[in-house]
Amino acid sequence: MELLGRQEVWNITYDHALGETASTFYTLIRDEAAIYGRRIAGSNKVMVPPRSFSDETLEPTGEWVKVGPGGRIEAFTMVYEAFKNLPPPPYAFGYVLLDGADTALGGFFKGIDLTDPEAAAAKLKIGTRVVATFAAERKGEMMDFWFELEG
Amino acid sequence: MSGDRVGIIGIGQSAFRARRDDANYPELVREAVVMAMADAKMDFDAIQAVVYSLSPDAMIGIGNAERLGVDAVGGRSKPFLRINTGGATGISSAAAAYYHVASGMYDVVLTAGADKVGECGDSQSVLNKIWDPSYERPLPLGTINMLAMSGLRYMDQFGMTQEDMAYVTVKNRRHAALNPNAHLRKVVTIDDVMDSRIISWPIKLLDCCPQSTGGAALVMASEKYIKDNHLDAVWITGVAHAAETYWMGDRMGNNPTAEHSGAHALARSFEKSYRMAGIKDPAKQVHVAELYAPFSNTEFHAIDSAKLVAKPGDSIRPLLDGEFELGGRIPVNPSGGTLCTNAIAVTAMARVAETALQVWGRAGAHQVKGAKLGIASGNGGDHQIFGTMVIEA
Amino acid sequence: MGLRVQPGIIGCAIRPVIASRDRSLEEIIYETAQLALKDAGLTINDIDGIAVGSNDQFDGRSISVMMASGSVGGVDRDIMSTPSASEHAFILGALRVATGQFRTQLIVSWSPTEVSSMPEAQRLGTDPYFHRALPLDELSAHALQASALESVVPGARAAAQAVTAKNRAQGQAAYPAPPMTPDAGALRWPLTPSMTSAPVTGAVAMVLACPEFIAERGITNVAWLQGMGWATEAGFLGDRDLTTAPALDAAVKQAYAMAGITDPASAFGVVEITDASPYAELLAYEALGLCARDEWEARTTDGTFSVGGKLPINPSGGALTWNPVFCTGLIRIAEVAQQVRGKAGAHQVPHVTRGLAHAGSGFAMMYQAAVILGQEARA
């Protein structure tokens with residue numbers, strides 16, 4: 001028998017409120033080219049990216065703390081496979097513990113030749129120093145900055 | 001708890017495949033339900049309530065698709081609700097069905113579901129939208145690269161190699177070859193895995209689970225009902241969930257509570273399940289384990305978290321030595337596991353089903369000889385929400 | 001049949017409308033959970049299990065329990081989610097307390113309005129095989145039910161208009177200083193815009209506990225769970241007789257049997273019904289045993305079900321006033337809990353010792369639940 005199919009597309013958009021904390025974070029990236037975290041009340045821990053409360057203690061965060069731009073790689077991967085609606089491969093991204101922060105911030109790693117995976121992985125080894133680099137034109141979003149190897 | 005236990009009395013599982021063009025979504029659910037009802041030698045009238053197992057709607061492209069499954073599970077005018085904890089959904093649904101019975105509310109409860117991941121053209125972009133729209137979603141995150149980063153941290157901390165990862169695939173494919181319901185059943189070598197293309201460093205194609213289509217169902221009943229009706233059963237003696245932070249970057253950095261190389265909340269959930277079941281030394285007491293591990297590297301931290309070894313990282317050597325293979329000390333994923341079959345909505349239910357079949361002595365060619373006590377787990381969210389169970393003969 | 005351990009509600013936070021956009025959804029959920037804990041006099045450290053109810057398509061998250069988990073204290077706790085309905089989170093939480101394996105449960109649900117089109121998000125909930133090509137949203141399904149009822153029940157329209165007027169008037173009194181006025185809904189004949197409300201952002205949370213915990217803490221203001229039942233209709237509207245509510249009949253039978261209710265019309269001091277449309281409220285009257293359909297017009301126009309009448313129904317104003325679509329069902333349960341606890345605020349009904357909540361959701365009230373709460377530990 002003839003088995004039929006039907007192609008369906010979901011097309012819905014969302015206008016998500018970011019709240020005061022994330023709004024401040026992005027505004028500072030846009031206007032000052034700097035990354036800020038928030039200190040958890042009653043603790044020395046600085047959360048980057050900033051959250052308005054700690055999910056461990058459920059205590060609010062308070063003081064803004066400028067972090068980076070230097071930091072160390074906590075995790076990375078290099079993607080060689082194409083996925084729909086994600087960037088064309090290859091690309092490298094991961095998480096960096098910025099100086100002064102206690103939690104890691106995600107971002108792309110740029111300026112590394114990804115042709116030879118083994119060689120690139122050695123350059124991006126966990127613990128490697130990197131520096132957050134900002135675009136000249138910034139919109140107030142995650143893509144306004146990325147990480148490059150230090151020095 | 002004696003006299004108040006909850007038993008599994010019927011099990012249904014599809015033969016999982018890449019696609020099933022002969023059956024639409026509710027028909028797949030129905031297929032598993034009919035098998036479970038036949039296994040329980042029971043008719044639909046006996047089912048008092050239903051728990052529906054379904055993870056992201058977007059994966060099958062139908063919002064609240066559980067509504068479409070109502071008739072497939074015989075749910076009309078019966079108590080019915082749906083559970084979703086991402087990849088853990090199947091074990092969470094089994095836990096919810098367990099609570100329906102353990103509460104005293106009902107004696108016989110069905111849990112069922114199905115998935116058609118093979119029909120979703122965008123599973124990684126659907127899964128990208130599990131992250132928060134403010135900070136982490138703008139990154140090209142998906143479940144593969146999320147766990148690739150876990151693997152790199154595990155390598156960094158415990159010396160795991162790519163060949164060690166490959167051996168997990170080799171082991172699980174050998175197991176899957178014995179399981180007619182498994183999706184990927186071809187035996188492979190370490191070289192096959194190492195030569196397969198890189199998806200997200202260090203994960204290669206053969207380190208990855210497939211996108212599977214199929215259904216699963218379980219019938220549970222109260223101990224009283226089982227005894228009154230002289231039914232055969234295996235018993236759920238430990239049940240728990242635990243979660244860790246949603247934020248990937250909080251699992252790194254300075255002294256994270258939940259280290260991303262491991263599975264902190266999975267360990268916490270197992271602690272609770274073991275305590276409930278009265279298990280003091282899992283490495284000695286557990287006979288078989290079906291641990292949710294969708295990528296080869298994640299089986300190591302699953303074994304660590306189940307405390308089948310003394311401490312994190314200790315799983316590598318014994319796995320290479322065959323301790324976790326069929327015929328070894330504690331076979332892990334004798335069905336081939338999630339690495340060989342992943343129909344997301346029910347993949348963690350398959351872990352429960354397979355563990356139940358093992359302690360029942362009904363697992364067929366991949367039976368672990370003499371298994372009387374088994375454990376199952378499911379991981380959901382961004383490696384965030386974990387469900388565990390202890391099942392005994 | 002019956003619960004091993006009887007759960008009691010010891011704290012609630014009801015936020016039927018959140019007008020401001022100064023919080024992210026994660027922050028709204030965090031604040032709502034904290035308010036419920038405060039109402040119970042507890043902190044998160046007292047909570048050992050959590051159940052949340054939310055809808056991925058409304059939230060714009062593929063697995064929305066994930067983002068909510070941190071907000072509600074899910075880190076290092078046992079958390080599960082019921083995306084089928086907000087009221088199902090309550091049912092799951094109650095069952096978990098009833099096992100005796102949990103002392104407390106935090107129940108949370110929410111419904112944002114960040115999606116570009118709620119009807120479109122709902123239409124994705126139709127099957128792609130037969131119905132996706134139709135312009136079906138929940139309001140259209142309520143309209144189909146309304147026209148079906150009008151065709152078989154004389155006076156149904158007059159009764160629906162009376163229900164609308166009652167609930168809107170009660171809503172104005174219940175939440176007298178809201179940050180905005182409710183917007184009318186959309187026209188789906190025979191539903192007029194005034195018979196429904198436009199979706200708003202809302203959230204609700206409650207705390208359940210077992211008798212042992214309640215006694216240990218010396219908590220005296222408790223809405224005890226005396227009975228509950230829940231059930232579903234068929235998935236396809238075409239398989240249903242929209243003028244009847246067999247799933248609610250089944251749910252009510254279960255709940256009343258548990259609570260020992262034999263004469264529902266005189267058993268409750270207050271009732272909250274999910275009035276997604278006034279016709280849904282009317283149909284619930286009958287299934288709940290409060291008023292047969294041939295009495296609808298007479299009883300809705302003589303004030304029987306108004307505040308001050310014999311049996312106040314929806315003193316909160318119901319979903320006809322504030323309509324946070326996904327969590328309206330759980331809000332009905334929380335409203336009754338607060339009535340029983342004497343903490344309902346401006347719309348407190350005097351001398352409520354026992355109340356009934358009806359929670360319904362989905363296309364033409366596909367999912368149905370009835371929950372009986374009272375001051376007495378055992379019914």
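Chain letters run A, B, ... following the sequence lines, proteins first, then strands; residues in each count from 1.
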Next item on the list: Could you please spell out the steps behind the salt bridge (Lys or Arg N to Asp or Glu O under 4.0 Å) verdict for C:D76 and B:R268?
Entry: CA-CA 7 Å; C:D76 211 20; B:R268 296 283 291 148; 2.8 Å; yes
Name the region of [X], side chain, backbone, both or neither, that has any atom closer than 4.5 Å to a heavy atom of chain B.
X      : value
C:A234 : both
C:T126 : backbone
C:M366 : side chain
C:D249 : neither
C:R132 : side chain
C:R61  : both
C:Q368 : neither
C:L248 : neither

Margin query: Please determine whether a side-chain nitrogen of the Lys or Arg among B:E27 and B:K116 lies less than 4.0 Å from a carboxylate oxygen of the Asp or Glu.
Written below: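 Answer for the salt bridge query: no.
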Notebook entry, point to check: Can C:E138 and B:R67 be counted as an ion pair, charged N to O under 4.0 angstrom?
Noted result: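 Looking at C:E138 and B:R67, the cut-off is met.
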Note to self: Just so I understand: if I count every heavy-atom pair under 4.5 Å between each of B:N128, B:I385, B:N84 and chain C, which residue has the most?
What the structure shows: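 It is B:N84.
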Check: Among C:A98, C:G70, C:P83, which residue forms the greatest number of heavy-atom pairs with chain B at distances under 4.5 Å?
Finding: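 Looking at each of C:A98, C:G70, C:P83 in turn, C:P83 comes out on top.
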Margin query: Pair B:R82, B:D57 - check salt bridge (Lys or Arg N to Asp or Glu O under 4.0 Å), show working.
Written below: CA-CA 12 Å; B:R82 167 189 169 193; B:D57 288 323; 2.9 Å; yes
Check: Between B:D382 and chain C, which part of the residue has a heavy atom less than 4.5 Å away: side chain, backbone, both or neither?
Finding: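 Answer is both: backbone and side chain atoms of B:D382 are under 4.5 Å from chain C.
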Next item on the list: Validate the cation-pi geometry between C:R103 and C:F213: distance from NZ or CZ to the six-membered ring centre under 6.0 Å, angle to the ring axis within 45°.
Entry: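 The answer is no; the distance or angle limit is not met.
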